[in-house]
Amino acid sequence: MFPIVSMLLASIFMAGCDKGCPGDSRPRRNAAEVTITQGLWGDVWFFEGDFMPTCPQGHVRAVSREVVVFESTTLEDATPGSTPEFFSEIHKQEIARTTSDRTGFFQVELPPGNYSVFIVENDEYYMCYFGDDMSLTPVTVISGEVTDVLLNITYLSSS
């Protein structure tokens, strides 16, 4: 009897997704827009809503935001902000600042090195992810290369 109940529950659960489940469509990446020969390019996407499997109901959109590049930064180098992914101050040298366009695209020329990238959001610095060494939104620029990064703003989403 248990397999029948399991099959029934699975079919009810799956039927909900078969009828109008919007999924989570993503904006296009902007690789074709890159014009620099060394540095960092990327896209900024804003996630809002429910991204729980198996029937996401969230929305992802490309956004214009200020993007700030600092020397490689860890938790010890930053003053906590309003929530764990936000910081009120970064105590490392700012290297570059730019703004993504309405398609989310940004690029910045940088010398080779290790950096941390933040998005200015609600007058604070938003961190997108930790690196293996616990650095905040780390990126590495290699001589003669352009590094690609996708900066996802996810504080208004569930996953």
Side-chain angles (χ1 to χ4, degrees), residues 16-17 20-142 145-159:
C17 285
C21 181
D24 72 50
S25 62
R26 311 280 168 116
R28 72 173 177 84
R29 296 297 313 271
N30 288 296
E33 304 300 318
V34 176
T35 60
I36 60 174
T37 57
Q38 180 178 293
L40 177 67
W41 83 272
D43 292 302
V44 181
W45 292 356
F46 192 90
F47 287 65
E48 190 169 10
D50 182 3
F51 291 89
M52 298 295 281
T54 63
C55 190
Q57 301 288 322
H59 181 69
V60 182
R61 68 184 191 279
V63 292
S64 175
R65 292 291 192 278
E66 193 168 19
V67 177
V68 187
V69 180
F70 286 91
E71 292 176 326
S72 183
T73 305
T74 65
L75 286 173
E76 291 79 31
D77 304 319
T79 302
S82 57
T83 61
E85 62 272 301
F86 284 96
F87 298 92
S88 61
E89 293 181 60
I90 306 298
H91 306 289
K92 287 287 198 160
Q93 182 178 346
E94 182 178 316
I95 304 300
R97 187 177 289 252
T98 190
T99 301
S100 61
D101 66 17
R102 64 178 182 75
T103 69
F105 173 75
F106 71 92
Q107 64 182 350
V108 61
E109 291 181 320
L110 294 168
N114 295 315
Y115 303 98
S116 288
V117 181
F118 296 88
I119 300 165
V120 176
E121 183 80 2
N122 302 321
D123 296 320
E124 293 185 291
Y125 295 102
Y126 181 79
M127 173 213 50
C128 297
Y129 54 88
F130 283 103
D132 292 338
D133 63 352
M134 297 308 287
S135 55
L136 308 177
T137 319
V139 297
T140 299
V141 174
I142 298 169
E145 295 185 17
V146 181
T147 301
D148 166 22
V149 65
L150 179 57
L151 301 177
N152 294 326
I153 305 170
T154 60
Y155 66 92
L156 291 181
S157 68
S158 60
S159 57

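Any value given below was found using the heavy atoms of this structure, including those in side chains, with hydrogens, waters and symmetry copies removed. For reference, positions follow the sequence shown, starting with 1.
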With distance as the sole test, does [X] use its side chain to make a donor-acceptor pair with the main-chain N or O of [Y] at under 3.5 Å?
X	Y	value
S100	E66	no
T137	V117	yes
T98	V108	no

Please find the pair of heavy atoms, one from [X] and one from [Y], that lie closest to each other, and give the distance.
X	Y	result
V60	P27	CG1-CD, 3.6 Å
S135	S72	CB-OG, 4.0 Å
G104	A62	N-CB, 3.8 Å
S88	P80	OG-O, 3.5 Å

Determine the sole option in F118, Y125, Y126 for which the ring-ring contact (aromatic ring centres under 6.0 Å, His included) test with F86 is passed.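 The single option meeting the ring-ring contact (aromatic ring centres under 6.0 Å, His included) with F86 is Y126.
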
Output side-chain donor-acceptor pairs under 3.5 Å for residues 32-42, partner residues at least two apart or in another chain, one line each.
from, atom 1, to, atom 2, distance (Å)
T35, OG1, Q107, NE2, 2.7
Q38, OE1, G144, N, 2.8
Q38, NE2, L110, O, 3.0

Using 0.5 Å steps for rounding, measure from the [atom1] atom of [X] to the [atom2] atom of [Y].
X	Y	atom1	atom2	answer
T154	W45	OG1	CH2	13.5 Å
F47	H59	CZ	NE2	10.5 Å
E76	K92	CD	NZ	10.0 Å
L151	F46	CG	CZ	13.5 Å
R61	T103	CZ	OG1	14.0 Å
D101	R65	CG	CZ	13.0 Å

Just wondering, do [Y] and [X] contact through their side chains at under 4.5 Å, heavy atoms?
X	Y	result
E124	S82	yes
S64	T99	yes
Y115	V141	yes

Report the C-alpha separation of T83 and Y155 in whole Å, then their side-chain angles, then the decisive distance to 0.1 Å, and conclude whether the side chain to side chain contact (heavy atoms under 4.5 Å, CB included) test is met. CA-CA 9 Å; T83 61; Y155 66 92; 5.6 Å; no

Tell me, yes or no, whether the heavy-atom count around D133 atom CG, taken from other residues, nucleotides or ligands under 6.0 Å, exceeds 12. yes

Working note: T147 + T140, criterion side chain to side chain contact (heavy atoms under 4.5 Å, CB included); need CA distance, chi angles, decisive distance, verdict. CA-CA 7 Å; T147 301; T140 299; 5.6 Å; no

Applying side-chain hydrogen bond (donor to acceptor under 3.5 Å, both in side chains) between D77 and each of T79, T74, T73, report the one that passes.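 With D77 as partner, T79, T74, T73 yield a single side-chain hydrogen bond (donor to acceptor under 3.5 Å, both in side chains), made by T74.
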
With C128, which of I119, V149, N152 fulfils side chain to side chain contact (heavy atoms under 4.5 Å, CB included)?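 Of all the options given, the one that passes is I119.
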
Is D43 paired with R28 through a side-chain N to carboxylate O contact shorter than 4.0 Å?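 Salt bridge absent between R28 and D43.
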
Kindly determine whether R97 and V69 satisfy side chain to side chain contact (heavy atoms under 4.5 Å, CB included), including the steps that lead there. CA-CA 6 Å; R97 187 177 289 252; V69 180; over 6 Å; no

Is the ring centre of F70 less than 6.0 Å from the ring centre of F87? no

